[in-house]
Amino acid sequence: MHILLIAGGKSGEHEVSLSSARGVLAAMPHPTTLAVIAKDGKWLLGEAARRALEAGVAEQGEHPFPPPVPWHGFDAAFPLLHGRWGEDGTIQGFFEFLGLPYVGAGVAASAVCMDKDLCKRVLQQAGIPVVPWVTFYHGESTPEPHFRPPYFVKPANTGSSVGVSKVRADQDGQSALEEAFRWDHKALVEMGLEGVRELEVALLGNIHAEASVVGEITYASEFYDYETKYTEGRAQLHIPAPIPAELSRRIRELAVEAYRVLGVRGLARVDFFLAEGGTLYLNELNTMPGFTPTSMYPKLWQASGLAYPELLDRLVRLALG
């Protein structure tokens, strides 16, 4: 079985993707060929891809899309791409056109889960609790949201907290919206929840998923931003989370339900907020979570008895199934 691993990409999570790829390449139990998408959208193959992986970044590529890849020489593709143009259904549509199996969610599920506004709407319609929000498009008038500060401003289509700002009572939200619109034409203003606990669960399966143990993330920074997520030692992962068994069961059930409602295949990491008073909110469903040394997804499965190489094997077989 021969796997094509694709990393990098044009999004703000380019470096995270390459960090993930180093871990996957080291543990993948099947022969794997690497392709890297540079920040300019062009592709690097062969030794050039390896050099980019070692450097941790590729500003410029060599081959415009579609690159000269022997697509049908691979049994499956593993698009280890985070954010837009990789996790949003774009490259998944290309694989569908080729008839090449691939790891992860399909076109529709990838697109909906990537768009925080659309994902919230689908989950809310299904009765799954989400944090209250309002949505703005670039160029629209932006009245004050219906809830008081603090609140969060987020681009609709980024991950890893790229472009996310927290607005406090003494701050103007306009600069936060301008930052969000640097990354996307649509932004969410989301009610801030004070004193929440952040709980996460990993899922594996096609539509009907199995769930890992629940983990908790704690940190000293004001919120779980990009630097905190990807700097070693800035966040602490507690696996399993120190929560009652009944709450753990409820989180896993809600995560599996959301996965099925959204039609996700392969894998996802589902993030929850536990507010003061015990209210649970589903914050995000990430269809291609990180595989870096600090990433929660592989750590949750390891704590659930599924080693890293076995996890990667399962993902490839789910793509073929």
Side-chain angles (χ1 to χ4, degrees), residues 12-13 15-16 19-20 23 82 116 128-133 149-154 158-169 171 176 188 190-204 211-256 258 267-306 308 311:
E13 298 168 83
E15 289 86 353
V16 177
S19 180
S20 291
H82 306 307
K116 298 179 183 68
I128 295 171
V130 296
V131 179
W133 85 104
Y151 54 79
F152 288 91
V153 180
K154 305 177 178 183
T158 64
S160 296
S161 299
V162 171
V164 176
S165 304
K166 183 176 182 178
V167 179
R168 296 183 295 273
Q171 294 177 313
L188 283 72
E190 187 177 87
M191 186 174 74
L193 301 172
E194 296 293 345
V196 297
R197 296 173 68 180
E198 301 203 20
L199 303 164
E200 301 187 349
V201 63
L203 300 184
L204 185 64
S212 72
V213 299
V214 178
E216 181 173 12
I217 295 175
T218 59
Y219 45 86
S221 55
E222 191 164 12
F223 69 98
Y224 197 32
D225 59 9
Y226 185 95
E227 292 298 323
T228 303
K229 285 183 177 181
Y230 298 111
T231 304
E232 191 78 50
R234 294 281 293 272
Q236 291 72 49
L237 311 183
H238 308 275
I239 305 173
I243 57 175
E246 178 59 26
L247 177 59
S248 177
R249 182 192 63 79
R250 179 63 177 149
I251 288 170
R252 296 168 82 217
E253 284 181 351
L254 272 177
V256 168
L267 72 161
R269 192 198 68 240
V270 188
D271 305 343
F272 290 87
F273 291 143
L274 179 64
E276 294 176 344
T279 304
L280 194 63
Y281 298 96
L282 196 155
N283 177 47
E284 185 176 57
L285 195 147
N286 190 316
T287 57
M288 188 52 70
F291 282 82
T292 73
T294 61
S295 294
M296 183 68 108
Y297 185 83
K299 288 180 179 290
L300 286 170
W301 280 118
Q302 288 164 18
S304 302
L306 190 61
Y308 203 170
L311 171 61

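This chain uses plain numbering: 1 for the first residue, then up along the sequence. Being a predicted model, the structure only gives us computed values, none of them experimental.
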Closest contact, heavy atoms only, [X] versus [Y]:
X	Y	value
S165	A176	CB-CB, 3.7 Å
A303	V213	CB-CG2, 4.0 Å
F272	L282	CD2-CA, 3.7 Å
A241	G215	CB-C, 3.7 Å

Consider side-chain contact (heavy atoms from CB on, under 4.5 Å). Of I251, D271, V214, which one does E200 pass it with?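 When I251, D271, V214 are each tested with E200, the side-chain contact (heavy atoms from CB on, under 4.5 Å) holds only for D271.
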Applying side-chain hydrogen bond (donor to acceptor under 3.5 Å, both in side chains), name anything that partners [X], two or more places apart in sequence or on another chain.
X	value
R197	E216
K154	E190
E246	R249
S20	H82

TODO: Given side chain to side chain contact (heavy atoms under 4.5 Å, CB included), test L267 with M288 step by step and report yes or no.
DONE: CA-CA 7 Å; L267 72 161; M288 188 52 70; 4.1 Å; yes
Does some side-chain heavy atom of [Y] sit less than 4.5 Å from a side-chain heavy atom of [X]?
X	Y	result
E194	P150	yes
T279	L274	no
K166	F152	yes

Spatial distance of atom [atom1] ([X]) from atom [atom2] ([Y]) [nearest 0.5 Å]:
X	Y	atom1	atom2	value
R269	S212	CZ	OG	11.0 Å
E198	Y219	CD	OH	3.5 Å
K299	H238	NZ	NE2	12.5 Å
L199	I217	CG	CD1	9.0 Å
N283	F273	CG	CZ	3.5 Å
T218	L237	OG1	CG	8.0 Å

Could you walk me through whether E13 and V162 satisfy the side chain to side chain contact (heavy atoms under 4.5 Å, CB included) test, starting with their C-alpha distance in whole Å, then the side-chain angles of each, then the deciding distance to 0.1 Å, before giving a yes or no?
CA-CA 8 Å; E13 298 168 83; V162 171; 4.1 Å; yes
Identify, with sequence neighbours excluded, every residue that meets ring pair (Phe, Tyr, Trp, His ring centres under 6.0 Å) alongside F291.
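Residues passing ring pair (Phe, Tyr, Trp, His ring centres under 6.0 Å) with F291: Y297.
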Pair Y281, L193 - check side chain to side chain contact (heavy atoms under 4.5 Å, CB included), show working. CA-CA 10 Å; Y281 298 96; L193 301 172; 3.7 Å; yes
With sequence neighbours left out, the residues meeting side-chain contact (heavy atoms from CB on, under 4.5 Å) with A211 are V201, L203, R252, V256
Within the side chain of S19, is there an N or O that forms a donor-acceptor pair under 3.5 Å with the backbone of E15? no
Handout entry: Check against side chain to side chain contact (heavy atoms under 4.5 Å, CB included), R250 and L280
Key = CA-CA 9 Å; R250 179 63 177 149; L280 194 63; 4.2 Å; yes
